[in-house]
A.B. asks: 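If you scroll down you'll find the structure; I have some questions about it.
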2 protein chains.
Amino acid sequence: MIRIIIAEDQSMILGALSALLDLEDDLSVIGKANNGEQALKLVNELNPDIVLTDIEMPIMTGIELAQAIQKQKQKHSTKVMILTTFARGGYLKRAMDAGVKVNLLKDSPSDVLADSISKIFAGKTIVAPELVTEAWAETDPLSDKERKILKLAYEGKTTEEIAKVICLSPGTVRNYSSEAVSKLEAKNRIEAARIAWQKGWL
Amino acid sequence: MIRIIIAEDQSMILGALSALLDLEDDLSVIGKANNGEQALKLVNELNPDIVLTDIEMPIMTGIELAQAIQKQKQKHSTKVMILTTFARGGYLKRAMDAGVKVNLLKDSPSDVLADSISKIFAGKTIVAPELVTEAWAETDPLSDKERKILKLAYEGKTTEEIAKVICLSPGTVRNYSSEAVSKLEAKNRIEAARIAWQKGWL
DNA sequence: TCCTACTTATGACATTTGTCACATACATTG
DNA sequence: CAATGTATGTGACAAATGTCATAAGTAGGA
């Protein structure tokens, strides 16, 4: 019997996933968490065979969770598997297109889980964390100030107001905002803010 | 046996939900759609008992779907049920106006969901308690054009682009946007868009 | 029919943004 | 020290946005 902990912030999915996986004969969901932090705690308490985690979660992301577990691996033998979609751009997609076998952990527990997952969700798969860190490396090009400025601009604040909030001159605020716009290849700061927002950078 | 169609743009949730509901003895998921348009087509083909839909979807939102179904209700007896993550004031009112029978949050446990479905089937109306407090929020003061303009502006589109999309002159677009700004007592169209968005008017 | 309301449009003007070239100050490093 | 880099600021100009007065066309009601 493979003992599993699931981490996923949307409780609808969390509930559904655990209910469905529990139906499988050789799988048992022994813990559920809404973010990486909770999951980490559960891992240390329960020492499961596998942690199945989403990537985007508040407080502690799936990637951070994977790293934390990796760091203390002498304490337990838990493997981290990341639940993801093919649809994402970048490295992972290219790897998939080239027919690379994504499930790097070639042991039977992860295979069983992978099978179950693909049975349940078409188009979904689980992968080893090492892969995803590469794939997710579309890093935020924004500086700290740029990020803050976009955020405030997206709330409808004027340049003056933004300047006051972050203690810079209005001119400098415009310089940074202009920088951000060109980095994100947007037409104006609103579009830039939207792009950054969608990528989860704000 | 209650026959259900599900509309939801996140395929993860779509899959989980339908698998889960299919487990119930008295429920049968007969169709899945990624947006309101697909759902509407399926409704007309399959005449289900219940459509379970998300609100925010591309092409056609859940509310628009509800309105479309309400409009042709003599053709079929389908009931609409809305499942949403973020309850923003104004949603409920619009949903009710469109004859929706239920509003539920996505993080209600799934047995509650299944339970609700049966009740809806029996003709009852259910609303998530979280929504009731916001239920009688102010009515949307925006005209149709104003709403559309704010929406597009919030995506970072320029006046010119907006004008092209909705087939008006740039000058008129600016007039409407100015109108909207003063109606919502905002400083500029971005702030106006944000206000409207928060109230669930976009 | 006339009146009114609504939609769409224009022009003029002020304000806000976007862009760029260029300073100034400060810290780091060779 | 001199050289370099980074954060910040200024000024000037172009472009986009916000505001307002006003007008043409259209539809509906009295």
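To find a chain, count down the sequence lines: A is the first, B the second, and so on, and within it residues start at 1.
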A.B. asks: Any idea which heavy atoms bring I162(A) and K157(A) closest together, and the distance?
C.D. replies: CG1-CB, 3.8 Å
A.B. asks: Would you indicate whether Q198(A), at its atom CD, is surrounded by more than 12 heavy atoms from other residues, nucleotides or ligands within a distance under 6.0 Å?
C.D. replies: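 Buried by this count: over 12 neighbours within 6.0 Å.
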A.B. asks: First and last nucleotide of DNA chain D in contact with chain B, 5' to 3', at under 4.0 Å to a heavy atom: what are they?
C.D. replies: dT17(D) to dC20(D)
A.B. asks: What parts of residues 163-186 of chain A reach DNA chain C, counting only heavy atoms under 4.0 Å away?
C.D. replies: R174(A), N175(A), S177(A), S178(A), V181(A)
A.B. asks: Can any side-chain N or O of N34(B) pair as donor or acceptor with the backbone N or O of Q10(B) at less than 3.5 Å?
C.D. replies: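 Absent.
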A.B. asks: With the side chain counted from C-beta on, respond yes when L21(B) and I6(B) share a heavy-atom pair under 4.5 Å apart, and no when they do not.
C.D. replies: yes
A.B. asks: Decide if atom NZ of K187(B) counts as having more than 12 heavy atoms of other residues, nucleotides or ligands within a radius under 6.0 Å.
C.D. replies: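 Count over threshold, so yes.
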A.B. asks: Taking 5' to 3' order, which nucleotide of DNA chain C is first and which is last to have an atom within less than 4.0 Å of a heavy atom in chain B?
C.D. replies: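 The contacted stretch runs from dT7(C) to dT10(C).
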A.B. asks: Please test R189(A) against T159(A) for side-chain hydrogen bond (donor to acceptor under 3.5 Å, both in side chains), starting from the C-alpha separation and ending with a verdict.
C.D. replies: CA-CA 11 Å; R189(A) 63 198 204 172; T159(A) 304; 3.2 Å; yes
A.B. asks: Specify the residue among N188(B) and K145(B) whose closest nucleotide of DNA chain C lies further upstream toward the 5′ end.
C.D. replies: K145(B)
A.B. asks: Give a yes or no on whether the backbone of L46(B) and the side-chain of R3(B) come within a donor-acceptor separation of less than 3.5 Å.
C.D. replies: yes
A.B. asks: What distance separates D9(B) CG from T53(B) OG1, expressed to the nearest 0.5 Å?
C.D. replies: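 Separation between the atoms: 9.0 Å.
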A.B. asks: Answer yes or no: are there more than 12 heavy-atom neighbours, outside E161(A) itself, under 6.0 Å from its atom CD?
C.D. replies: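 Above 12, so yes.
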A.B. asks: Taking E146(A) for its side chain and S143(A) for its backbone only, find out whether a donor-acceptor pair lies under 3.5 Å.
C.D. replies: yes
